[in-house]
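Shown next, in structure tokens, is the structure this report addresses.
Computed over heavy atoms, backbone and side chain alike; hydrogens, waters and symmetry mates excluded. Please read these numbers as outputs of a predicted model, since none were measured by experiment.
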Amino acid sequence: MRGPNLTGSANHSADMLADAITSACDASMAKVRRGGNPHRPVAWWNDEIAEARTQCHAARRLCQRHRASADHESLTQLFRAKRKAFKNAVKRSKARHFQELCDAADAQPFGLAYKLVMGKLARQPMPTCAAQLSGIVNVLFPPQPPIALPWQFYTPPDNSSRVLTNIEEHAADPFCEHCGQGVVEDAEHSIFMCPLFSEERAQSELGRLNLTPENLVAHMIADEAVWMSISNLVSHIMKELRRRERQRNVAGN
């Protein structure tokens with residue numbers, strides 16, 4: 001854009017410079033619209049709704065201008081019919097647009113539907129009250145009962161190694177039947193060392209990753225496959241120990 005040719009008096013040159021700046025701003029930036037419809041455009045608006053709205057407003061004006069005439073009752077009925085048609089058109093368009101948003105959300109989870117919802121949430125003031133925030137968290141994430149994990153370890157009164165409750169309950173005798181007297185059948189022995197389960201141990205993630213009692217829980221939490229593999233191994237050990245205990249009880253009777 002060429003600059004203005006400033007000639008004449010200082011006031012005339014100032015006016016020319018102001019006009020040039022205004023023209024440059026109008027060419028490079030959109031003007032702020034004043035007056036008119038202050039509402040932002042909505043996605044469900046269409047030509048059918050616009051036509052129905054125009055007819056509704058025209059019927060309302062016609063009804064208001066003929067209040068004292070004999071046609072006022074018929075014009076009132078016409079206005080009500082046009083207003084009903086306008087509302088029905090809005091409802092149909094909103095329902096159709098909502099269904100389109102649902103279909104789009106299934107195909108693109110972070111598409112237009114996500115942006116519309118997040119845009120509405122972003123305009124709402126964030127709560128700062130601690131009690132209100134606590135209530136929101138409790139509703140979104142309600143307290144859950146404790147989960148019974150397969151490795152519920154505890155320390156026995158004699159301060160021996162940690163014993164897995166479910167494995168220890170299978171018999172009153174604390175010693176391993178397979179390894180003989182002197183070897184306590186605790187969790188570490190049954191899961192990590194007992195030769196009776198060496199084949200199952202080698203086929204599970206316990207053997208492939210060379211897991212130890214110290215890093216077992218960390219690996220299970222970090223990887224779902226490890227979690228499932230160790231859980232299945234512990235379940236197999238528990239079932240086998242209980243099966244052997246039942247056999248000993250039958251033989252003893």
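The line from OG of S235 to CD of E240 is 11.5 Å long, rounded to the nearest 0.5 Å. Note that the OG atom of S93 and the CG atom of N88 stand 12.5 Å from one another [nearest 0.5 Å]. Taken to the nearest 0.5 Å, the CZ atom of R201 stands 8.5 Å off from the CE atom of M193. Here CG of L241 is found 7.5 Å from SG of C194. Values are rounded to the nearest 0.5 Å.
Remark: E51 pairs with Q55 by the side-chain hydrogen bond (donor to acceptor under 3.5 Å, both in side chains) rule, at least two apart or across chains. Judged as a side chain to side chain contact (heavy atoms under 4.5 Å, CB included), and not counting sequence neighbours, the contacts of Q64 are R60, R67. Scored by the side chain to side chain contact (heavy atoms under 4.5 Å, CB included) test, E200 finds F197, L233, H236 as partners (sequence neighbours excluded). Applying the side-chain hydrogen bond (donor to acceptor under 3.5 Å, both in side chains) rule to R65 yields no partners; only residues at least two apart in sequence or on another chain are considered. With sequence neighbours excluded, the residues that form a side chain to side chain contact (heavy atoms under 4.5 Å, CB included) with M228 are E224. Judged as a side chain to side chain contact (heavy atoms under 4.5 Å, CB included), and not counting sequence neighbours, the contacts of T212 are E214, N215.
Pairs engaging residues 75-103 under the salt bridge (Lys or Arg N to Asp or Glu O under 4.0 Å) rule: E48-R92 [sequence neighbours left out].
Listed by chain and number, the hydrophobic cluster partners of L62 are L75, where partners are ILVMFWY side chains within reach of under 4.5 Å, directly or through others.
Contact annotation: the side chain of H97 never approaches that of W45 to less than 4.5 Å [non-hydrogen atoms, C-beta and beyond]. Side-chain contact check for N46 versus I49: some heavy-atom pair is nearer than 4.5 Å. Counting heavy atoms from C-beta on, the side chains of I230 and L211 come closer than 4.5 Å. Here the side chains of L196 and I237 are not in contact, with every heavy-atom distance at 4.5 Å or above.
Not one N or O on the side chain of S134 forms a donor-acceptor pair closer than 3.5 Å with the backbone of A130. Under a 3.5 Å cut-off, the side chain of S231 and the backbone N or O of W227 do form a donor-acceptor pair. Without hydrogens or angle criteria, T22 side chain to A18 main chain gives a donor-acceptor distance under 3.5 Å. A donor-acceptor pair under 3.5 Å links the side-chain atoms of S69 to the main chain of H66, judged by distance alone.
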Exercise for review: For the pair E245 and R242, evaluate salt bridge (charged side-chain N to carboxylate O under 4.0 Å, His left out) and give the outcome as yes or no after the intermediate values.
Suggested key: CA-CA 5 Å; E245 177 65 18; R242 293 183 185 276; over 6 Å; no

